[in-house]
Amino acid sequence: MELTDLTIHEMAQQLREGEISAVALTQACLERIDVTDTHLNAFISVCRDEALAAAHQADERLAQARLAQENAPMLTGIPVALKDLFVTTGVRTTCASKMLADFIPPYDGTVVRKLKEQGAVIVGKLNMDEFAMGSTSESSAYGAVHNPWDVNKVSGGSSGGSAACVAARQVPASLGTDSGGSIRQPASHCGVVGLKPTYGRVSRSGVVAFASSLDQVGPLTRNVRDCAIMLQAIAGYDLADSTSVDIPVPDYLAGLEEGVAGKKIGLPQEYFIPGLDPEIKQAVENVVETYRSLGAEVVEVSLPHTKYAVSCYYLVATAEASSNMARYDGVRFGARVDPGKGLVEMYTATRSQGFGAEVKRRIILGTFALSSGYYDAYYLKAQKVRTLIRQDFLAAFNEVDYILTPVAPTPAFALGDKTTDPLLMYLSDIFTLSANLAGICGLSLPCGRSSAGLPIGVQLLGKPFDEAGLLRTAYACEQTGAWHKAKPEL
Amino acid sequence: MRERYEVVIGLEVHVQLTTNTKIFCGCSTAYGSRPNSNTCPVCLGMPGSLPVLNRQVVEDAIQAGLATHCTIAPRSIFARKNYFYPDLPSGYQISQLELPICEGGYLDIETPERGKRRIGITRIHMEADAGKLLHSDDPGVGSLVDLNRASTPLLEVVSEPDMRSSDEAIAYLKQLHQIVRYLNICSGNMEEGAFRCDANVSVRPVGQQTLGTRAELKNINSFRFIKEGIEYEVERQIELIEEGGAVVQETRLFDSTTGTTRSMRGKEEAHDYRYFPDPDLVPMVIDAAWIERVKEQQPELPAEKMQRFMEQFELPEAVAQVLTAERPLAAYFEACTRLHPDARTCANWVMGDVQRMLNETGLEVDKIPVSAQMLCGILVRIADNTISGKLGKQVFDLMWESGKSADTIIAEQGLKQVSDTGAIEAMVDEVICANPAQAQEFRAGKDKLLGFFVGQVMKASRGKANPAMVNELLCKKLRDE
Amino acid sequence: MREKITREEVQQVARLARLEFSPAEADLLTAQLDAILVRVEHLNELDTTTVEPTAHAVPLENVFRADEVMPSLGVEQALCNAPLQAQDCFAVPKVIE
C-alpha cells in the first residue's frame with residue numbers, strides 16, 4: 001500500500017505514533033502529483049518548497065507532542081490542497097482566471113489560517129471553473145480538469161480540481177466551495193465524498209466571492225470519517241465574516257457510527273424526473289434499500305417549488321456575482337490592459353480580456369437582472385421564490401430527518417459536450433442548487449458506478465447545522481459498501 | 001425679474017464621522033497619513049475580503065437622528081450602489097437605499113428675511129466614503145489613487161427641498177454643523193472635507209406648484225462659497241428661462257475663483273446604480289432600549305443650551321447664542337459661573353479676551369493655558385477691588401504666557417490696586433497742582449478734561465490706582481475748589 | 001414573440017459592466033441570454049405578493065465590531081500587486097473631471 005492510499009484517519013494515527021513522517025508523506029503526494037497531474041490538470045500551482053517546509057515543522061511539532069505525551073491537532077502533517085480561490089499569503093491565487101494570473105495575496109483567509117495553525121501541509125492550489133462559474137471546470141483559463149476515472153470526461157465543477165486530486169490520491173483531502181453544487185457534483189463525478197455545510201457554518205473570509213449569499217466552503221475526501229475530520233478543522237464562527245453563525249461546533253466524530261435506526265429519510269418526488277439517467281436512478285434506489293435494511297424509514301416527500309430552482313438561482317447568483325466581479329478593474333491588483341485611450345477604455349479592455357466567456361455571460365445576465373426597470377421582475381422576484389424554496393425544505397424537515405436525492409442527472413459527460421449551450425449546462429445543476437438557495441447542508445456520497453465505469457453519487461440533505469447527523473447517516477450507508485476504497489487506474 | 005421666481009433648495013450633507021476606525025474594517029481613520037498606509041484587504045476591495053460593521057457608526061447615526069427629530073428605523077439594511085471609479089475599490093459603495101437608519105426629521109431655522117421656518121429632513125443614512133483621487137503633474141503617470149479615506153464612515157443627511165433662499169440654506173447648514181460638533185461625531189472641518197454640502201437648486205414662477213428642473217451643485221467647501229454658488233446658480237437659471245431656454249438636470253461644479261458654476265455633464269453618463277441589499281452584511285434591528293441608551297448619552301443640544309443660558313444666567317439671546325456656538329466654549333463659560341456667580345462678567349470675559357486668544361492662537365478650548373478656574377482667579381480679584389478691570393486684562397495676558405495663577409502674577413508684578421484714599425488723594429493733589437491751566441478750564445465747564453486728569457493720575461500710579469476712587473476724588477477736588 | 005433582451009440592451013448592459021463584445025459575440029450572447037430569460041419567465045407563475053424576499057440564507061441580525069484600531073497592511077503590501085504605482089499611490093490613466 002502506498003502512503004498516498006492511506007486515509008486521513010490512518011495518516012494521522014501513523015504520524016502521531018511516529019511510524020511515518022510528514023515529510024515522507026508530503027513527498028509521496030508530490031511524487032504522485034508529478035506522475036498523474038499531466039493527465040488530470042487538477043493543480044494550477046504546486047507549492048513544493050512551502051509544503052516541505054511546513055512538513056518539516058509538522059514533524060517537529062509531532063515529535064514534541066510525543067515527548068510531552070500529548071496529541072498534536074489531528075491535521076498536523078496531513079497534506080491538503082485548496083481550490084484556487086482560497087487566498088493564500090505569498091502563493092499565487094488565480095481563481096483559474098487570466099485576470100489574477102499573477103496575483104500574490106499578502107494575506108491568508110480564515111480557513112487557510114486555521115489549517116496552518118493546525119499543522120496541515122498545503123501542497124498546492126487547485127484548478128476550477130473560472131471564478132467558480134461553471135459545472136465542469138472547463139472554463140478554466142489553465143485548461144480543463146480531467147476525470148481520473150476517464151480522462152476524456154469532465155471532472156465536474158466548479159471544484160473539479162478539488163474532486164480529481166482526492167480521487168486520484170494526489171492528496172487525502174481538499175477544500176472546495178459550493179454555491180450551486182460545486183462541491184457535491186464534482187465529488188459525485190469523481191467518486192469522492194463532498195460536503196457543503198450549512199450557510200454560515202464555515203467562514204467565507206479570504207474566499208474569493210462568487211455569489212455571496214450562496215457560497216460555502218467544504219471538504220472533499222475519500223470517505224466520510226475523513227470528511228468529518230476536515231469539517232471539524234474548519235468549522236466555526238469568525239468575526240471577520242458577518243454572515244458566519246455563532247453556534248458551537250459539535251464533535252463530528254463522536255457518534256459517527258451510531259447508525260440510522262429509527263431515522264426518517266425523505267425522497268422528493270420532484271427530483272425523479274424523466275431526464276434522470278436510469279443507472280443513476282437505480283443507484284439511488286439501491287441506497288434506499290440499504291437505508292431500509294439499516295432500520296431507517298424512507299418515505300416520499302414533496303418539494304413543490306423544485307422546478308423553479310434553476311431560474312431562481314441563475315438570477316440571484318449572477319446578480320451577486322456581477323457586483324462581486326466589479327473589483328476586477330486593473331487598478332489595484334490583477335491584470336491590466338491599457339490601450340492608452342483613457343480610464344474607461346482601460347477598464348473595458350482589462351475586463352474583456354481578463355475574463356473568460358462564461359464569466360462575462362454571467363456578469364451581463366446579473367447586471368441585467370439588477371438593472372433599472374428589471375430589478376423587480378428578475379432579482380426581487382427570484383429572491384421571493386427563494387423564500388418559497390427554503391420554506392419547502394423547512395416544511396419537509398418537519399416530516400423527515402434527511403432528504404435523499406440524486407446528485408446529477410447523468411454521470412460525467414465528455415469534455416466539450418455541453419460547452420456550447422449554457423442553458424443546458426445550467427439545467428444540469430437542478431438537484432444541487434436548492435440546498436444553496438435554502439442555506440441547508442448537503443453531502444455527496446459515492447454509491448455506484450455506471451456501465452461505462454464512471455462514478456455515481458447520491459446526495460443527502462440535512463437540516464441547518466445538522467452536519468453531524470448528515471455525516472452519521474452517510475457513514476452508515478458508506479460502510480455497507482466499498483466505494484470509498486475504489487481507486488482509479490491512472 | 002427675480003421677484004417673479006421662487007427659489008427651491010434642497011441640501012445633501014455628507015458628515016464624516018470621527019470614529020477611530022473605518023465603517024467596515026479596523027483601519028485607522030487618522031487624517032493626513034502617508035498614502036495607502038491605513039488600508040487593509042477590506043477597504044482595498046481585495047478578493048475574498050468581507051465587511052464587518054463598526055457599531056459606533058450606528059450609535060453616531062442614532063445620535064444624529066435623535067438630535068434632528070428623526071424616527072429611528074426599527075430595521076435597517078445596507079445596499080450596494082454599483083458603479084466604476086478608481087477611488088471606489090470594490091466597484092460598489094456600501095450605502096443605504098431602502099430602510100435607512102433615520103427618516104422624517106426637521107430643523108427649525110430663522111433668518112432675518114423669512115423669519116422662523118421648519119426645514120424637513122427626509123432621511124439620514126450611513127455609507128462608506130470613497131478614496132481620494134490626486135492628479136499628477138507628471139504626464140506619464142495620469143492620476144493617483146490614495147485609499148486611506150476609502151471606507152471612512154459617512155452620514156448622509158438629506159433635506160426636503162424646503163429652503164427658499166441662500167440665507168435659509170446657510171442657516172440650516174450652520175445649525176446642522178453645530179449639532180454634529182456638539183454631538184462630538186464630526187469635526188466639522190470643511191477644508192478637510194469632514195462636512196460636505198451638495199445643493200440642489202431650482203427656480204419656478206411664483207405660484208407654480210410643480211418644481212422646476214434642478215441642478216446639483218457639488219464641490220463647495222465653505223459656507224461663503226455655498227451662498228455664492230447658490231446665488232449664482234439662481235441667477236443663471238432665471239436668465240436661462242427668461243431667454244426661453246430650459247434648465248437641464250445636471251451636476252455643476254462651483255469655481256470659487258470666478259464665483260460661477262459649470263456643467264460636469266461630460267463626466268456623467270446615465271448612472272444605473274443597480275442597488276440591491278448587500279449579501280455580506282446582515283440587518284440592524286434597533287429596539288426602544290437601544291434608542292433609550294443613546295438618548296441618555298446625548299449631550300444638551302445647542303438650542304436647549306441657549307435657552308437655558310438665557311433663563312438660568314439671565315443673558316440676552318445674542319450673548320447666549322455666542323456662548324453656545326461651540327460646546328466646549330459653553331462648558332468653559334459654565335465652569336466659570338460655578339466659581340464666580342456674576343454670569344454677565346463671566347460672559348464678557350469669555351466672549352472678549354478668551355475668544356480673542358482662541359482666535360489668535362487657533363487653539364482648542366480644552367487646550368488653552370487659562371482654565372476656567374484660573375480665569376476666575378482674576379474675576380474674583382477684580383470683584384474684591386484688588387485690581388482694576390483694566391489691569392485684569394494685563395493679568396490675563398501674563399497668565400496666558402506664564403500659566404501662573406492670578407494672585408502670583410499680581411504679587412510678582414506688584415499690580416495690587418491702590419485703594420488707599422490718602423495715597424490717591426495725594427496723587428490727585430499733585431496732578432491738579434501740576435496742571436493748573438486744565439484745572440481752570442475744567443472748572444470753567446470743560447467737563448471732558450476729567451478724562452485727562454484721570455489719565456494723569458493713572459499714569460502717576462502706574463495704573464494701579466483704583467479708577468472709581470480716582471474719579472470720585474478728582475471730581476470732588478476739582479469741583480470744590 | 002417579443003425578445004426578452006435585445007442586442008442593444010446587451011450592449012448597454014455591457015457598458016454598465018465595463019465589458020465589450022464584437023458584433024458576433026454580441027449576437028451569440030444575446031441569443032443565449034434570451035433563451036435563459038425565456039426559461040426564467042416561469043417564475044411569474046408563482047404568486048409572490050405576500051412573500052418576503054430572502055436576502056440571507058440564515059436569519060442573522062446586529063453583527064458588529066468594536067471601534068478599535070487593528071493593524072493595517074502597510075503601504076508596501078497594499079501596493080504589492082499594483083499594476084502601476086507612483087508616490088505611494090495606485091496609478092491610473094488620467095481621470096478627467
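Lettering follows sequence order; numbering is per chain, from 1.
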Measure distances from [X] to the heavy atoms of chain C and classify the residue's part below 4.5 Å as side chain, backbone, both or neither.
X        : value
B:Val58  : side chain
B:Asp278 : backbone
B:Leu134 : side chain
B:Lys22  : backbone
B:Ile77  : neither
B:Ser76  : neither
B:Tyr83  : neither
B:Ile23  : backbone
B:Leu44  : side chain

Residue-level interface, residues 46-54 of chain B with chain C, non-hydrogen cut-off under 4.5 Å: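 At a heavy-atom separation under 4.5 Å, chain C is reached by B:Val52, B:Leu53, B:Asn54.
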Gap between atom [atom2] of [Y] and atom [atom1] of [X] - 0.5 Å precision:
X        : Y        : atom1 : atom2 : result
C:Glu76  : B:Asn36  : CD    : CG    : 10.5 Å
B:Leu133 : C:Lys94  : CG    : NZ    : 9.0 Å
C:Gln87  : B:Asp146 : CD    : CG    : 11.0 Å
B:Ser28  : C:Glu68  : OG    : CD    : 13.0 Å
B:Asn38  : C:Leu73  : CG    : CG    : 11.0 Å
C:Leu16  : B:His271 : CG    : NE2   : 10.0 Å

Top residue by heavy-atom pair count (under 4.5 Å) with chain C, among [options]?
options                               : result
B:Pro35, B:Gly142, B:Ser143, B:Pro283 : B:Ser143
B:Arg55, B:Arg274, B:Met284, B:Arg75  : B:Arg55
B:Gly91, B:Pro279, B:Gly131           : B:Pro279

Would B:Thr21 and C:Arg65 count as a side-chain contact (heavy atoms from CB on, under 4.5 Å) here? Give the steps. CA-CA 10 Å; B:Thr21 61; C:Arg65 97 188 132 72; 3.2 Å; yes
Go through C:Ser72 and B:Thr39 one step at a time and tell me if the side-chain contact (heavy atoms from CB on, under 4.5 Å) criterion holds. CA-CA 5 Å; C:Ser72 291; B:Thr39 58; 5.6 Å; no
Looking at C:Leu84, C:Asn62, C:Val63, which one has more heavy-atom pairs under 4.5 Å with chain B than the rest?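 The option with the most such pairs is C:Asn62.
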Of all heavy-atom pairs between B:Val282 and C:His56, which one has the smallest distance, and what is that distance?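 Shortest heavy-atom contact: CA-CE1, 4.0 Å.
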Return yes when atom CD of B:Glu191 has more than 12 non-hydrogen atoms of other residues, nucleotides or ligands closer than 6.0 Å, and no otherwise.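 Counting neighbours around CD of B:Glu191, 12 or fewer heavy atoms of other residues, nucleotides or ligands fall under 6.0 Å, so no.
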Counting only heavy atoms closer than 4.5 Å, note whether C:Ala82 contacts chain B via side chain, backbone, both or neither.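 For C:Ala82, no heavy atom lies under 4.5 Å from chain B.
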